[in-house]
Amino acid sequence: MAYDTPKVPNDLSAFWMPFTANRQFKKNPRMFVSADGMYYKTSDGRDVLDGTAGLWCCNAGHNRPLITEAIAKQASELDYAPAFQMGHPKAFELASALRDMAPEPFEHVFFTNSGSESVETALKIALAYHRVRGEGTRTRLIGRERGYHGVNFGGISVGGIVNNRKFFGSLLTGVDHLPHTHLPDENAYTRGQPEHGAYLADDLERIVALHGGENIAAVIVEPMAGSTGVLMPPKGYLEKLRSICTKHGILLIFDEVITGFGRLGSNFAADHFGVMPDLITTAKGLTNGVIPMGAVLATSAIHDAFMSGPEEAIELFHGYTYSGNPIASAAGLATLQTYREDGLFENAASLASYWEDALHSLKGLPHVIDIRNMGLIGAIELTGIEGAPTKRAFDAFLQCYDKGLLIRTTGDIIALSPPLMINKAQIDELFGILDTVLKGLK
Ligand SMILES: Cc1ncc(COP(=O)(O)O)c(C=O)c1O
């Protein structure tokens, strides 16, 4: 029997929603029922401008024909193939396409299904890499305060967002954290990379002195920290991290789950900053968020270290049932084609300064204490309400939604990351609504 999902379901109790105030939401639900281009449609028939590319993932916008057609075609042609000891052409094609768009040293691709899984995969590859080379003492992992690396145990252990960690026990052992790079006194209202803070990378030398470099496997950072509220790397910071890692034989992992696929106007943040890590984690924009998929990009040096035992032996005891799933692979190929054919990364790069000016025009509005940006990313930091942290930004979120704009908030920070197909009129629309909301915010 055909079953039409009602536009507004009348029982919301069963679905335990992720990262959501469930009880509050279910009293006053906000439902999207369709999406096209830059806009969502709500269950009450309103258009809402997507100021966040969903969750930083729909970089090509919504309902893109190449992607939807590729998914339908693939589903009827080959819906699933076993991922272990079997292959299918699209996963290989997508891996080659990723290699071709990645910075030069990245020759190999390991498929996952999410950013969280990409992080776990990269951490495991780093540990195993040292071990297969006979440096098995390198077991320690270094993350950073305020880092977000997904929600699995490795990711929350190296991550640095307190609420994502404090409920979940002792986490991984052998993890240290670099200090975060938020220096509001020195760097407020910076456009692009802040001037101050490169010295914060020197803390890695302190950690090396404490544990011995020969015991450290990898450092993982977001080259631009997104989920914590958009923190740009200070000038010279990533270069310093790179050189300290190289000096001590420590692998550097860039978590590019947000920054990959054009968000900064280049393929990857590694290109944008001109700093090459050893592993890159991706997800989100890889399939335009349409089908879950992630990927870890590895250099030949790392990959080849595993290719030394007998040929019939499995080289890496890791993988997922859905690694390189045919439909996800087809979606990924169509997504990359859409980015290319529509020149979306170029659009992001060419609109970055218009975006920057529009964003910084909000300086001086009530409660605004910092504004920062890079590529098609922006953040507006507000003062919190005394005794009710996060409420002011969340009120802004609710009011924006009512006025037809989707924004995202973390603490009292508003984060913006629209699809890369945005145009100037839509940038004006976005900041017009935000301006009105911020002016009226209590
Ligand atoms: C930098 C970074 N890493 C990992 C993740 C986790 O990705 P997922 O939610 O797909 O597991 C995210 C999600 O926002 C992220 O921003």
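All ligand and atom numbering here is 1-based and tracks the order in the structure.
- Residue S227 places a heavy atom less than 4.0 Å from ligand 1.
- If you take OH on Y354 and CD1 on I422, they are separated by 10.5 Å, rounding to the nearest 0.5 Å.
- Within the 4.0 Å heavy-atom criterion, the part of H149 lying near ligand 1 is the backbone and not the side chain.
- Close contacts of ligand 1 with E222, meaning ligand atoms under 4.0 Å from a residue heavy atom, involve 1 (C).
- The aromatic rings of Y40 and H62 are tilted relative to each other, their planes meeting at an angle between 30° and 60°.
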Apply the test salt bridge (Lys or Arg N to Asp or Glu O under 4.0 Å) to residues R144 and E222: give CA-CA distance (whole Å), side-chain angles for both, the deciding distance (0.1 Å), then the verdict.
-> CA-CA 9 Å; R144 189 169 61 188; E222 302 157 88; 5.1 Å; no
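- Scanning the protein heavy atoms around atom 3 (N) of ligand 1, the nearest turns out to be D255 OD2, 2.7 Å.
- Residue contacts with ligand 1 include K284, since one of its heavy atoms falls under 4.0 Å from the ligand.
- In this structure a side-chain-to-backbone donor-acceptor pair under 3.5 Å is missing from D47 to K41.
- Taking atom 8 (P) of ligand 1 as the reference point, the nearest protein heavy-atom neighbour is G115 N, 3.5 Å.
- Listed by atom number, the atoms of ligand 1 under 4.0 Å from I258 heavy atoms are 16 (O).
- For the pair D79 (side chain) and A75 (backbone), a donor-acceptor distance under 3.5 Å is absent.
- Ring-plane geometry between Y320 and H318 is classed as perpendicular, the angle between the planes exceeding 60 degrees on a 0 to 90 degree scale with a lower cut at 30.
- Which parts of ligand 1 touch S114 is read off a 4.0 Å heavy-atom cut-off, strictly below it: atoms 10 (O), 11 (O).
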Kindly determine whether R206 and D203 satisfy salt bridge (Lys or Arg N to Asp or Glu O under 4.0 Å), including the steps that lead there.
-> CA-CA 5 Å; R206 180 190 63 79; D203 206 62; 2.9 Å; yes
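- Regarding atom 4 (C) of ligand 1, its nearest protein heavy-atom neighbour is G150 N, 3.5 Å.
- Using a 4.5 Å cut-off on side-chain heavy atoms (C-beta onward), R263 and S417 make contact.
- The protein heavy-atom contact nearest to atom 11 (O) of ligand 1 is S116 OG, 2.6 Å.
- Under a 4.0 angstrom heavy-atom cut-off, Y148 registers as being in contact with ligand 1.
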